[in-house]
S.K.: 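I am attaching a structure below and will ask some questions about it afterwards.
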Amino acid sequence: MLKLFTLLVAAGIASPALANDTMAEVRTGGLIFAQSDDVSMAEEDLFISASQVRVDYVFENTSDKDVESLVAFPMPDITGQVDNTSAISDYDSDNFLHFSTMQDGRPITAKLQQRVVSLGIDVTDEFAKYAIPVLPYSQKTTAALAKLPETVRKDWIARGLVYPMDEGDASISLVPLWTLRSTYWWRTTFPAKKKVSVQHRYTPAVGGTVAISFLEGGEAKGERFEEYSRKYCLDADFVRTVRQRAGEAEAGGANYTESWISYVLSTGANWAGPIRRFQLTIDKGKPGSLISFCGSNVEKIGPTTFRMTAEDFDPEKDFDILILNPPEAEPKTP
């Protein structure tokens with residue numbers, strides 16, 4: 001089980017953020033491998049920051065025969081909504097996380113499967129029929145929806161695929177409500193009695209607020225505070241510092257912002273046995289930031305970096321990181 005770990009760095013904390021100043025983080029994880037009793041994970045080296053996730057694996061085929069396997073990277077679902085609060089920034093690219101992968105130093109060209117689902121029903125073929133791009137928030141999608149025949153438009157509204165901003169005006173844009181499910185996948189071979197290295201990289205979709213949101217009237221209480229305490233393992237020292245800096249902000253100090261990063265550690269645990277050697281490195285970005293997460297055997301290895309190591313690690317629990325970012329320094333007047 002992961003144990004409490006919280007790190008504090010001197011910082012200024014501010015008042016709660018408004019709901020419309022919040023961007024929701026998008027949970028991502030690692031690769032998924034087809035079930036195998038012969039392939040074990042010798043090492044996993046995971047690096048997480050607000051700008052990049054890097055995962056380096058070493059697998060070992062302990063059997064006397066080659067093992068062929070399907071490998072997949074499930075992209076997070078993108079669900080359309082009237083008020084888009086998702087932290088994904090590149091909505092016009094199929095590869096919206098800028099995912100890439102290598103095996104034994106050679107780039108892998110992965111295939112992409114995309115399915116469109118609405119109310120649990122796969123409607124991908126309909127989108128192909130009417131040449132509607134599947135990315136909900138793409139500018140090309142908005143333009144294509146505006147050209148839908150009126151009968152199709154009314155049908156899609158009735159079925160909950162889209163929402164009209166003004167039902168009385170057909171020229172008003174239709175808001176996507178469908179869910180896009182994307183997966184990159186490829187086939188690979190683990191040679192008998194050998195180790196294989198696999199690396200992949202992507203840009204996380206980091207959520208957050210424009211100010212500190214988990215205090216209630218400057219006090220450590222309320223449902224949101226309880227949620228943060230469980231999710232990020234806030235301890236007494238962390239809370240004390242937050243309250244102190246919140247008071248300084250109310251006296252004229254600048255606001256800090258929250259950043260949330262979520263990683264699905266349990267993704268793809270289909271190999272034989274636990275991870276023999278697991279290493280997690282987290283970079284909080286700025287020396288003046290605060291960071292809090294649940295972990296064990298953590299040490300500070302640099303001004304902004306922290307490392308957790310484990311032997312025979314069984315990834316049963318997902319991982320959530322809270323970073324409190326210091327305000328940007330105001331430019332000096334010449």
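Any value given below was found using the heavy atoms of this structure, including those in side chains, with hydrogens, waters and symmetry copies removed.
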S.K.: Quick check: closest heavy atoms across S138 and D92, and the distance to 0.1 Å?
M.R.: OG-OD1, 2.8 Å
S.K.: Can you check salt bridge (charged side-chain N to carboxylate O under 4.0 Å, His left out) on R276 and E60, steps first, answer last?
M.R.: CA-CA 11 Å; R276 294 203 291 274; E60 184 174 9; 2.7 Å; yes
S.K.: Side chains of E258 and L324: does their closest heavy-atom pair fall under 4.5 Å?
M.R.: yes
S.K.: State plainly whether the residues K221 and E226 are in salt-bridge range, i.e. N to O under 4.0 Å.
M.R.: no
S.K.: Compare all side-chain heavy atoms of P107 with those of S100 and state whether any distance is below 4.5 angstrom.
M.R.: no
S.K.: What's the shortest heavy-atom distance between E216 and G222, and which atoms?
M.R.: OE1-CA, 3.5 Å
S.K.: So do the side chains of N95 and M75 get within less than 4.5 Å of each other, counting heavy atoms only?
M.R.: yes
S.K.: Determine, for R201 against D56, whether the closest basic-nitrogen to carboxylate-oxygen distance falls under 4.0 angstrom.
M.R.: yes
S.K.: So which atom in D314 and which in P274 form the shortest heavy-atom distance, rounded to 0.1 Å?
M.R.: N-CB, 4.4 Å
S.K.: Take Q103 and T188, measure what side-chain hydrogen bond (donor to acceptor under 3.5 Å, both in side chains) needs, and give me the verdict at the end.
M.R.: CA-CA 9 Å; Q103 181 168 320; T188 193; 2.6 Å; yes
S.K.: If you apply the rule side-chain hydrogen bond (donor to acceptor under 3.5 Å, both in side chains), what do you find for Q52 with R54, and how did you get there?
M.R.: CA-CA 6 Å; Q52 188 180 52; R54 304 194 300 262; 3.1 Å; yes
S.K.: Run the ring-ring contact (aromatic ring centres under 6.0 Å, His included) check on W156 and Y163 step by step: do they pass?
M.R.: CA-CA 8 Å; W156 283 23; Y163 179 84; over 10 Å; no
S.K.: Give the C-alpha distance, both sets of side-chain angles, the deciding distance and a yes or no for side-chain contact (heavy atoms from CB on, under 4.5 Å) between D283 and T281.
M.R.: CA-CA 7 Å; D283 190 337; T281 304; 6.0 Å; no
S.K.: Going from CG on D37 to CD on Q35, what distance comes out if it is rounded to the nearest 0.5 angstrom?
M.R.: 6.0 Å
S.K.: Are any non-hydrogen side-chain atoms of L31 and V55 less than 4.5 angstrom apart?
M.R.: no
S.K.: Please report the closest heavy-atom contact between T203 and H98, naming both atoms and the distance.
M.R.: OG1-ND1, 3.8 Å
S.K.: When the side chains of residues 61-74 are checked against the rest of the protein, which donor-acceptor pairs come out under 3.5 Å, sequence neighbours left out?
M.R.:
unit_1: N61; atom_1: OD1; unit_2: S63; atom_2: N; d: 3.0
unit_1: N61; atom_1: OD1; unit_2: S63; atom_2: OG; d: 2.7
unit_1: N61; atom_1: ND2; unit_2: K65; atom_2: O; d: 2.8
unit_1: N61; atom_1: ND2; unit_2: F190; atom_2: O; d: 2.8
unit_1: N61; atom_1: ND2; unit_2: P191; atom_2: O; d: 3.3
unit_1: T62; atom_1: OG1; unit_2: D38; atom_2: O; d: 3.2
unit_1: S63; atom_1: OG; unit_2: K65; atom_2: N; d: 3.4
unit_1: S63; atom_1: OG; unit_2: K65; atom_2: O; d: 2.9
unit_1: K65; atom_1: NZ; unit_2: D38; atom_2: OD2; d: 3.2
unit_1: D66; atom_1: OD1; unit_2: A192; atom_2: N; d: 2.8

S.K.: Any side-chain heavy atom of T101 within less than 4.5 Å of one from V198?
M.R.: yes
S.K.: Under 3.5 Å, is there a donor-acceptor pair between the T179 and D77 side chains?
M.R.: no
S.K.: Considering only NZ, NE, NH1 and NH2 on the basic side and carboxylate oxygens on the acidic side, decide whether D155 and R159 come within less than 4.0 Å.
M.R.: yes
S.K.: Could you grab the distance from atom CD1 of I301 to atom CD of E299, nearest 0.5 Å is fine?
M.R.: 7.0 Å
S.K.: Supply the atom-to-atom distance M308 CE to Q279 CD, rounded to the nearest 0.5 angstrom.
M.R.: 10.0 Å
S.K.: Is the side chain of S229 donor-acceptor paired with the backbone N or O of F225 at a distance under 3.5 Å, no angle test?
M.R.: yes
S.K.: Would you kindly say whether Y91 and T141 are connected by a side-chain donor-acceptor distance under 3.5 Å?
M.R.: no
S.K.: Considering only heavy atoms from C-beta outward, does the side chain of K154 approach that of E150 to under 4.5 Å?
M.R.: yes
S.K.: Would you say that more than 12 heavy atoms from the other residues, nucleotides or ligands in this model lie under 6.0 Å from the CD of Q139, or not?
M.R.: no
S.K.: Which atoms form the tightest heavy-atom contact between P326 and S289, and what is the distance?
M.R.: CD-OG, 3.2 Å
S.K.: Heavy atoms, side chains only, cut-off 4.5 Å: are V117 and V123 in contact?
M.R.: no
S.K.: What is the distance from atom NZ of K300 to atom OG1 of T305, rounded to the nearest 0.5 Å?
M.R.: 8.0 Å
S.K.: Counting C-beta onward and ignoring hydrogens, is there a side-chain heavy-atom pair between I48 and I261 closer than 4.5 Å?
M.R.: yes
S.K.: Do you reckon V134 sits in the same ILVMFWY cluster as W185, going by side-chain contacts under 4.5 Å, direct or chained?
M.R.: no
S.K.: Roughly how far apart are L290 CG and N325 CG, rounded to 0.5 Å?
M.R.: 9.5 Å
S.K.: Within the side chain of S262, is there an N or O that forms a donor-acceptor pair under 3.5 Å with the backbone of D320?
M.R.: no
S.K.: Go through F96 and D94 one step at a time and tell me if the side-chain contact (heavy atoms from CB on, under 4.5 Å) criterion holds.
M.R.: CA-CA 5 Å; F96 51 85; D94 287 329; over 6 Å; no
S.K.: Looking only at side chains, do T79 and Q81 share a donor and an acceptor under 3.5 Å apart?
M.R.: no
S.K.: Show your reasoning for whether side-chain contact (heavy atoms from CB on, under 4.5 Å) applies to W178 and T124.
M.R.: CA-CA 10 Å; W178 67 81; T124 309; over 6 Å; no
S.K.: One pair to check against side-chain contact (heavy atoms from CB on, under 4.5 Å): V53 and L46. What are the steps and the verdict?
M.R.: CA-CA 7 Å; V53 172; L46 170 61; 4.1 Å; yes
S.K.: Are I132 and L119 joined in one hydrophobic group, where the rule is that I, L, V, M, F, W and Y side chains link up if heavy atoms are under 4.5 Å apart?
M.R.: no
S.K.: Side-chain heavy atoms under 4.5 angstrom apart, residues restricted to Ile, Leu, Val, Met, Phe, Trp, Tyr: same cluster for I32 and V58?
M.R.: no
S.K.: Let me confirm one number: the OG1-CG distance from T142 to L174, rounded to the nearest 0.5 Å.
M.R.: 9.5 Å
S.K.: Same hydrophobic cluster for V162 and Y130, using side-chain heavy-atom links shorter than 4.5 Å among ILVMFWY?
M.R.: yes
S.K.: If you group Ile, Leu, Val, Met, Phe, Trp and Tyr whenever their side-chain heavy atoms sit less than 4.5 Å apart, what else falls in with F47?
M.R.: none
S.K.: Got a salt bridge between R243 and E219, using NZ or NE/NH1/NH2 to carboxylate O under 4.0 Å?
M.R.: yes
S.K.: How about CG on D122, more than 12 heavy atoms from neighbouring residues, nucleotides or ligands closer than 6.0 Å, or not?
M.R.: yes
S.K.: Output yes when a side-chain donor or acceptor of S118 lies under 3.5 Å from a complementary backbone atom of I121, and no otherwise.
M.R.: no
S.K.: Is it true that E43 and R277 make a salt bridge, defined as a side-chain N closer than 4.0 Å to a carboxylate O?
M.R.: yes
S.K.: Taking all heavy atoms of L234 and all of S292, pick out the closest pair and write down the distance.
M.R.: CD2-OG, 3.6 Å
S.K.: Using the benzene-type ring in the case of Trp, are the ring centres of F99 and Y202 under 6.0 Å apart?
M.R.: no
S.K.: Take F238 and Y232, measure what ring-ring contact (aromatic ring centres under 6.0 Å, His included) needs, and give me the verdict at the end.
M.R.: CA-CA 11 Å; F238 183 91; Y232 304 113; 9.1 Å; no
